[in-house]
Colleague: 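Let me give you the structure first, and then I'll get to my questions.
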2 protein chains.
Amino acid sequence: MDRHQTEKDDEASAQGRPTLKTLAFMTGLGVTTVSRALKDAPEIGAETRRRVQLVAKQIGYRPNRAGVRLRTGKTNVISLVLNTEREIMSFVSDIIYGVSEVIADTPYHLIVTPYSRSQDPLDPIRYLVETGSADGVIISRTQPNDPRARYMLERGIPFATHGRTDMGLIHPYHDFDNYAFATEAVRHLAGLGRRRLALLGPPVELTYHSHTLNGFTDALSEVGASEIPFNTVSIDHSIEQIRMRTAQLMRRDVRPDGFVSSAAAATLAIVAGIEDAGLKLGREVDVVSKQSSDLLHLFRRELLVVNENFRLAGAELARSVLGWIGGAAPGSLQSLSMPTEVLAYRRPD
Amino acid sequence: MDRHQTEKDDEASAQGRPTLKTLAFMTGLGVTTVSRALKDAPEIGAETRRRVQLVAKQIGYRPNRAGVRLRTGKTNVISLVLNTEREIMSFVSDIIYGVSEVIADTPYHLIVTPYSRSQDPLDPIRYLVETGSADGVIISRTQPNDPRARYMLERGIPFATHGRTDMGLIHPYHDFDNYAFATEAVRHLAGLGRRRLALLGPPVELTYHSHTLNGFTDALSEVGASEIPFNTVSIDHSIEQIRMRTAQLMRRDVRPDGFVSSAAAATLAIVAGIEDAGLKLGREVDVVSKQSSDLLHLFRRELLVVNENFRLAGAELARSVLGWIGGAAPGSLQSLSMPTEVLAYRRPD
DNA sequence: GTGACAATCTGTAACGTTTCAGTATATAGA
DNA sequence: TCTATATACTGAAACGTTACAGATTGTCAC
């Protein structure tokens, strides 16, 4: 009666990582029972369940990921897809930490899937989907009509986008309200008496370009200010390019007396350009900039800043993907983060 | 004679991702033969090999990672272990890209394994080793006597450290020559007539603390300058802390007329502190700083900078780990990166 | 005492791969 | 013609897990 074991079970006592077989041997149960007991299946007796779980904890049993993955197809992997050339530096670091924070006490691992300038952004996505390498995907640099989102939606693989799309398709996203950022920025500049404003925004292909631009122009007409076009560059351009163009612009007859900038590094370049042209921040011109870490006010105290929290974005995106994987409705996994009011660390008076 | 198949093989034609079975069915060979043909095993006929590889390419066969991993234990994963609180921002981003660059055309995936302040740094390593989650590991924030390196060396898992250890144990590393950085920095400051120098270095527990400090003090005596102690803070401290301490220091009677700073963000804080005390960079005091992205000269043109290339570090570290996995001698996988000469973007004259 | 039924537990097969121990054929040597 | 050997291929087993389809109890109504 207590001789249930087959001869093979004895091997289970061999050293190495404990498996279900080890647990089965130790508890005198079958591997099936052990497997089910560990996941609280209903047809397992309460005492058995407790016993198995106790032993499992004691010997530090951890399910073999390859075994689970092979059998079930579940990878327990979230992939973060990043552009290795154009991504904002602090974005990469913070979003990774945000994601990590959320998946820390889940069985999920985070894998980073990079793609470079030259590649079709769809390439890494195709790879992930075709090889079934991840249960969920996070993408950034979202476009209004984003082939990646469409592709993943078609294949039914859970994902979340940093930034919204505009294709009439529903999927999880997290976005910063760049419309609100731009309007706030313009209003603030107007409050300082600035009347001719220039915008250094994201590149046209990204969705938040139009969000930012719309906020900018709407607020311009609201406050009765005018735009000095500055769309030969975007925050994707090099520091040197932006600096040079800014200096050119500031040497014109009609030059802006205010800037709105969508990224901190670009703001450094704008300020350098302004100073190259012999003008002074806070005197001839003011700049409102987004930043993701609290450093711009050290750069020039006259800078006006709005904070965008990428770590929070990472956490939200991770929560969204996990939610979708867990069966939640994609439409319920969308979030928008509001900008803080414009922060002036020290206004000259 | 052409009826080798068992009844089961017919299933192979079912849709879904192609497997070895699919290939075996299509080529009329056994799965073993296909498996061996794909990895250029010697006992496979030349024509068969070519035929199998052609078909495999045509239908886009990709080995199932879970299958390989389960059978062989090979994960094809490199894990980058990061501290989610203390890591330098640009370090995270650049090192990831550097690693990605190297593993791009290998079967390896990069997984990011985070740990937080509260945790024992050994925890994530133990997890990786115990669960066999990675074939190779990259760690940063290396200490002279680093329990993580010792642990991995004992278990025989390939790894590389960013920074050297000092335990008499041999393992791959990549390091920036911080001794050379500090000596160069001091010499340059001395060349500008600076005589009382302060060092804002890494925290004491990291190996490159003493490298930096030794370079600093050695060069001090070489040029006959003296040290103003500034070791109540390190580059790990918050911007606010560093700023405050710097301002305190600069208001003393004997204050430094030169700083050496090991990190760009810390340098921003130092400069802010200097200016808080009513002094001017380039006049009363000069600062030499390491930076990893080319932004400090925009901040204050008087800053003197030395570049440390983290992307290259990432690439080197990845190459080292892959090399070790591939059977190279750990001692042959060590590299040291020399600092550029101190760059002054524009010296006031 | 029998049958029905629920409550627990179990072995087998399969996921895709590689390794092991072969098998079949051809070639060569005697 | 026979044996030995090299060449080219093969099936079965195993890695650790879960799903499926039972199997073994005990309880209860009749």
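Each chain gets a letter, A, B and so on, in the order the sequences are listed, and its residues count up from 1.
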Colleague: Evaluate the side-chain proximity of A/Gln53 to A/Leu38: yes if any heavy-atom separation is below 4.5 Å, no if none is.
Modeller: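 Result yes, sub-4.5 Å side-chain heavy-atom pair found.
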Colleague: Between D/dT18 and A/Ser35, is there an OP1 or OP2 to side-chain N/O distance shorter than 4.0 Å?
Modeller: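 For D/dT18, OP1 or OP2 has a side-chain N or O of A/Ser35 closer than 4.0 Å.
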Colleague: So, the side chain of B/Gln58 versus the backbone of B/Leu54: is there a donor-acceptor pair under 3.5 Å, distance only?
Modeller: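 Here the side-chain-to-backbone pair does not exist.
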Colleague: In whole Å, what is the span from the CG atom of A/Leu20 to the C1' atom of C/dT12?
Modeller: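 Checked: the CG to C1' distance equals 15 Å.
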Colleague: Decide yes or no, distance alone: a donor-acceptor N/O pair under 3.5 angstrom between the base of D/dA19 and the side-chain of A/Thr32.
Modeller: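 Answer is yes: a donor-acceptor pair is held.
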Colleague: With a 3.5 Å cut-off and sequence neighbours excluded, list the donor-acceptor pairs that the side chains of residues 42-52 of chain A form with protein atoms.
Modeller:
unit_1  : atom_1 : unit_2  : atom_2 : d
A/Glu43 : OE2    : A/Arg36 : NH1    : 2.2
A/Arg49 : NH1    : A/Ala41 : O      : 2.9
A/Arg51 : NH1    : A/Thr27 : O      : 3.3

Colleague: Which nucleotide wins on minimum distance to the side chain of A/Val68, given the candidates C/dG16, C/dC9, D/dT18?
Modeller: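 The nucleotide sitting nearest to the side chain is D/dT18.
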Colleague: Closest to the B/Thr33 side chain: D/dT18, C/dG16, D/dT10?
Modeller: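 The answer is D/dT10.
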Colleague: Give the nucleotide from the list D/dG16, C/dT17, C/dC9 with an atom nearest to the side chain of A/Glu43.
Modeller: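 Per side-chain heavy atoms of A/Glu43, the pick is C/dC9.
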Colleague: Write down the distance between CG (B/Leu70) and C1' (D/dC15), rounded to a whole number of angstrom.
Modeller: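 Taking CG of B/Leu70 and C1' of D/dC15, I get 4 Å after rounding.
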Colleague: Select from A/Val34 and B/Pro18 the residue whose nearest nucleotide in DNA chain C is closer to the 5' end of that strand.
Modeller: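 The residue whose closest nucleotide sits nearer the 5' end is A/Val34.
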Colleague: Within the structure shown, what part of the strands sits under 4.0 Å from A/Gly30 by heavy-atom distance: base, sugar-phosphate, or nothing?
Modeller: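 The answer is sugar-phosphate, as A/Gly30 gets under 4.0 Å only of primed atoms, P, OP1 or OP2.
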Colleague: So, A/Asp135 side chain and A/Asn76 main chain: donor-acceptor pair closer than 3.5 Å or not?
Modeller: yes
Colleague: Can you tell me the distance, in whole Å, between the CG atom of B/Leu29 and the P atom of D/dT7?
Modeller: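 Result: 19 Å.
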Colleague: Side chains of B/His174 and B/Ser320: is there a donor and an acceptor less than 3.5 Å apart?
Modeller: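 Their side chains do not contain a donor-acceptor pair, so the 3.5 Å distance test is not met.
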Colleague: Return the value, rounded to whole Å, for the distance between atom NZ of B/Lys74 and atom C1' of D/dA14.
Modeller: 20 Å
Colleague: Name the residue closer to the 5' end of DNA chain D, choosing between B/Thr72 and B/Ile44 according to the nucleotide with the nearest heavy atom.
Modeller: B/Ile44
Colleague: Hey, which sits more toward the 5' end of DNA chain D by its nearest nucleotide, A/Ala66 or B/Arg49?
Modeller: B/Arg49
Colleague: Can you tell me how far C1' of D/dG11 sits from CZ of B/Phe25, to the nearest Å?
Modeller: 18 Å
Colleague: Rounded to the Å, how far apart are B/Lys21 NZ and C/dA14 C1'?
Modeller: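 Rounded to the whole Å, the gap is 9 Å.
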Colleague: Below the 4.0 Å mark, does D/dA8 have OP1 or OP2 next to a side-chain nitrogen or oxygen of B/Thr48?
Modeller: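 For D/dA8, OP1/OP2 do not have a side-chain N/O of B/Thr48 under 4.0 Å.
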Colleague: Which whole-number value in Å describes the distance from A/Arg50 CZ to C/dC9 C1'?
Modeller: 17 Å
Colleague: Between atom CZ in B/Arg36 and atom P in C/dT19, what is the gap in whole Å?
Modeller: 7 Å
